[in-house]
K.L.:
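After the structure tokens below, expect a handful of questions from me.
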Amino acid sequence: MNKDEMKIYWHTSSHILAQAVKRLYPETKLGIGPAIEEGFYYDFYREIPFTPQDIEKITTEMEKIIKENFPVEKIEYDKQNAEEILKDEKFKLEILKEIPDEKVSFYRQGEFIDLCKGPHLSYTGKIKFFKLLSISSSYWKGNEKNPSMQRIYGISFPEKKDLNEYLQRIEEAKSRDHRILGPKIGLFSLQQEFGPGLVFWHPKGAIIRKIIEDFWKDIHLENGYQLLYTPHIANIKLWEMSGHIEFYKENMYPPIEIDEKILYQLKPMNCPFHILIYQDTVRSYRELPLRWAELGTVYRLEKIGVLHGLLRVRGFTQDDAHIFCRVEQIEEEIMKILQLVLFFLKSFGFDKYEVFLSTRPDKFVGSIENWEKATNALTQALKKKDFQYQIDPGEGVFYGPKIDIKVRDCLNRLWQCTTIQVDFNIPERFNLRFVNEKNEFEQPIMIHRAIMGSLERFFGILIEHYNGNFPLWLAPVQIKILPISETFFEYGEKILKILQKEKFRVRMDTSQEKLNKKIKIAEEEKISYIFIVGEKEEKENTIAVRKHGKGMLGTFTIEDIINILKKEINTRVYLDENNL
RNA sequence: GCCGGGGUAGCUCAGUGGUAGAGCAGCGCAUUCGUAAUGCGCGGGCCAGGAGUUCAAAUCUCCUCCCCGGCUCCA
């Protein structure tokens, strides 16, 4: 089945769900019940929320409806009749009112009828294997002022194997959840009592962060960027000038008062600081484009309910950069950014992504001419770099068009990381200028861009992408030496010193445990390589090498294994026996 | 922020009104071991926090904080 066929399949599944709910709980009012990317849901309005026991009952009822194998028929009514049919369904009536057509379609299966555009499967019996996954709430039409609906999510497939595969994938995703895996292998913690949404990087996470930061800085310097460091707080005047107090206040920590009545503001963004540096002197067109990058830590007072592990936090470090350039330079700059983004993502094992171009919204600043020039430049850059992309019309930020890149991880999940935004607003607000070749002042364009988005989010995604099994260049502990017994501590120590000198991140297990236990611990810690040393190795001056998740590789001399591991580090990807 | 479900040892969890429990982890002792758990012993809790009901509260009620599943929002 292709995607469209699956959507129909899931849509019919959602109708069966609604039919079952209506049979068991007739007082329930229907909301909407679409197919989604994977599966389906139906929103219901009901005074008493559904319980897991209800879900069991609903499941049984759905099975019955499938067995009853009702034909699903499409019926058209004019609006008046439709209103009559839906007289007890206030939410459906609301939808009906919004449909401009004179005639509307309904789908009927047995006693159940629902206002619906369709299409649907021909019989309820075509739904073979399904599972209701979760209950949650959602606002009617996604608006928090509207009533809260009960949403039931489900999934269905024609083949049992597909359902099982899907459920397995969910389990797999659950077992890799960075919120559990990360603290378990000592990468980070969230100290809920002392600051929800604030990340504590433990030694093993911190070393990974350092490696990512170093790599990031290196490739920026190699690509014509300069690095900046800016403060975490500044006089609130700056945030009044930038417009953040006006438009972003609800996400900002309250200001800090000093010296009676002077207010300092913790930064939610880095750009105003970069602008101050820009304005610190008169700029010439010869300097442009200026590319300024900073790993800038910002704080945003996110609503408590939206916090989520490392993916949505209150304090985070953006891999921010601002490019000041002329309109004519946008295309070239975007191309350079895209190139850099691809290289960066690929280095972390992401080679599948989706690209979105967002264009001018209804409310915007800047001239239409500039918007067109910029949007055009983004489009040209994407085309020249041979990107497949989707257009999100009107989804740009009010200050300029943007390109977002979402990466697919190894479980085929989509994550938003990279964002590239053209900004007409800030240069205008701060009256940014440079002197052009005619000795006149001209206003530059500003491009904001982040590749990872934030180090925290990127780290969370990386943990799940690699399931905590980081490739050697990132692995917090690359090698653990396991002496078989105390007798071989000395030989182990000798190996340890050699490896440390070669800049490997290495440890030795000096516990009194048996080898099996030591291996189990090292494997659970997801250490990349285990070097086992005992009598045989000491005699031959070798090491028995075990690779995480792969088991025994064989016996190597210290020189050989160092060369192999160095090669693996340099390629930044896993190497297996075939390409060792 | 909203709706629902939760919070008991470092972790996973049992305990529904009457003396706080288990496994793992930790510590100590013994064991000196060849590819995923050696044995014995010991410590460890303001039962998220506060208020109330009760002779008596981990358990019942209320408030607050935090977590989880979603919604909304976003890096």
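A note on names: the letters A, B, ... follow the listed sequences, proteins ahead of strands, and every chain is numbered from 1.
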K.L.:
I want to verify a distance call: between B:C33, B:C71, B:C3, whose nearest atom is closest to the A:Ile484 side chain?
P.N.:
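That would be B:C33.
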
K.L.:
Dump the pairs, protein N or O against N or O of nucleotides 42-45 of chain B, anything under 3.5 Å, distances to one decimal.
P.N.:
none

K.L.:
Looking at A:Arg179, does any N or O in its side chain come under 4.0 Å of the phosphate oxygens OP1/OP2 on B:G69?
P.N.:
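Result: yes.
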
K.L.:
With C1' as the reference atom in both, quote the distance from B:A56 to B:C24 in angstrom, rounded to an integer.
P.N.:
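These two C1' atoms come out 34 Å apart once rounded.
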
K.L.:
Quick check on the 6.0 Å ring-centre criterion: do A:Phe215 and A:Phe344 meet it?
P.N.:
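Ring centroids of A:Phe215 and A:Phe344 are less than 6.0 Å from each other.
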
K.L.:
Which part of the nucleic acid does A:Arg151 contact within heavy-atom distance under 4.0 Å: base, sugar-phosphate only, or nothing?
P.N.:
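Answer is sugar-phosphate: A:Arg151 comes under 4.0 Å of backbone atoms only.
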
K.L.:
Provide, to the nearest angstrom, the distance between the CZ atom belonging to A:Arg314 and the P atom belonging to B:C67.
P.N.:
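Distance, rounded to whole Å: 8 Å.
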
K.L.:
Does B:A14 have a Watson-Crick or wobble mate here (both distances under 3.5 Å), and if so which one?
P.N.:
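Across all strands, not a single nucleotide pairs with B:A14.
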
K.L.:
Sequence neighbours excluded, which residues qualify as side-chain contact (heavy atoms from CB on, under 4.5 Å) partners of A:Ser189?
P.N.:
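By the side-chain contact (heavy atoms from CB on, under 4.5 Å) rule, A:Ser189 matches A:Gln191, A:Phe200, A:His202.
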
K.L.:
Please confirm whether the ring centroid of A:Trp239 lies under 6.0 Å from the ring centroid of A:Phe273.
P.N.:
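Yes, the ring centres sit under 6.0 Å apart.
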
K.L.:
Under a 3.5 Å limit for both distances, which nucleotide forms a Watson-Crick or G-U wobble pair with B:U72, could you say?
P.N.:
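Partner of B:U72: none found under 3.5 Å.
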
K.L.:
Can you confirm if the aromatic rings of A:Trp292 and A:Phe324 lie within a centre distance of less than 6.0 Å?
P.N.:
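When the ring centroids of A:Phe324 and A:Trp292 are compared, they turn out to be within the sub-6.0 Å range.
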
K.L.:
Applying a 3.5 Å limit to both distances, which nucleotide forms a Watson-Crick or G-U wobble pair with B:C42?
P.N.:
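Partner of B:C42: B:G26.
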
K.L.:
A:Glu486 has a side chain; which of B:U32, B:C33, B:G70 sits nearest to it?
P.N.:
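Closest nucleotide among those given: B:U32.
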
K.L.:
Which label fits A:Phe91 and A:Tyr45: parallel for a plane angle under 30°, tilted from 30 to 60°, or perpendicular past 60°?
P.N.:
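The arrangement is tilted - the two ring planes meet at 30° to 60°.
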
K.L.:
Can we call the ring centroids of A:Phe348 and A:Phe458 under 6.0 Å apart?
P.N.:
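Close enough - the centres of the two rings lie under 6.0 Å apart.
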
K.L.:
What's the closest nucleotide to the side chain of A:Gln416 if the choices are B:U32, B:C66, B:A75?
P.N.:
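Nearest listed nucleotide: B:A75.
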
K.L.:
Please state the P separation for the pair B:C2 and B:G23 - nearest whole angstrom.
P.N.:
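The answer is 42 Å between these two P atoms.
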
